[in-house]
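Below is one structure, written out as structure tokens, with a few remarks after it.
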Amino acid sequence: MRILSQIVLALALTAGSIYAYASDYKVGSVMAKHAWARVTIADRPAAGYMSVHNMGGDADRLVSASSPMAERVELHTHIMQDNIMKMRRVDAFDVPAGGTTELAPGGNHLMIFGLKHLPKPGDMIPLTVVFEKAGSVDMQLEVRKAGHKMKDDDHSGHSEDGDDTKHDSHSE
Ligand SMILES: [Cu+2]
């Protein structure tokens, strides 16, 4: 039994990427969980989501992200303007001390531009996220189908399709 569990552990370690979605990515006192990406169609940017927990006593900020699989990654948020949900680029996402910052559909998200190839659901997008204080951490975003919503999402009234159309205005 003991030997078996050691073998299982060894397999799990070598096949790390397969279990990436279940992984927590920790750097300093910051931990990212539930990292996933929504990919629509070619030529449209993908969106990256995760929960960021700050277990430390000092506020931190997510200041940038990049991927070897993409041209660039921007930090975006949604704002209501004249009753229309719009996306706006921001410089950072605050991660308060002892708090959680959610990157989720309809709110803060990472916008992934210029993917070198179109990933399929279940594929991974490698991503490096940089925190002002904690430093940088490498992670994998699990690709999910367009329109997918996490069960614990509660962003009612947000249109997934409209969201995607507005991404076009960001492409230059
Ligand atoms: Cu966006």
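Remember, it's 1-based here, ligands and their atoms both numbered in the order they're listed. What you see is a predicted model, and the numbers here were worked out from it, not measured in a lab. Count residues from 1 along the sequence. Heavy-atom basis, side chains included; hydrogens, waters and symmetry copies ignored.
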Checking one value in my table: which N/O/S atom of H76 lies closest to the Cu ion (ligand 1)?
ND1

Can you tell me, to 10 degrees, how wide the angle at the Cu ion (ligand 1) is between SD on M87 and NE2 on H109?
90°

I need the single residue from L75, N108, T77 that forms a side-chain contact (heavy atoms from CB on, under 4.5 Å) with L103. Which is it?
N108

Between the Cu ion (ligand 1) and H78, is there an N, O or S atom separated by less than 2.8 Å?
no

Are V130 and M31 linked, directly or through intermediate hydrophobic residues, by side-chain heavy-atom contacts shorter than 4.5 Å (ILVMFWY only)?
no

Donor-acceptor side-chain pairing of T100 and H53 below 3.5 angstrom
yes

Closest heavy-atom contact between L141 and G48?
CD1-CA, 4.1 Å

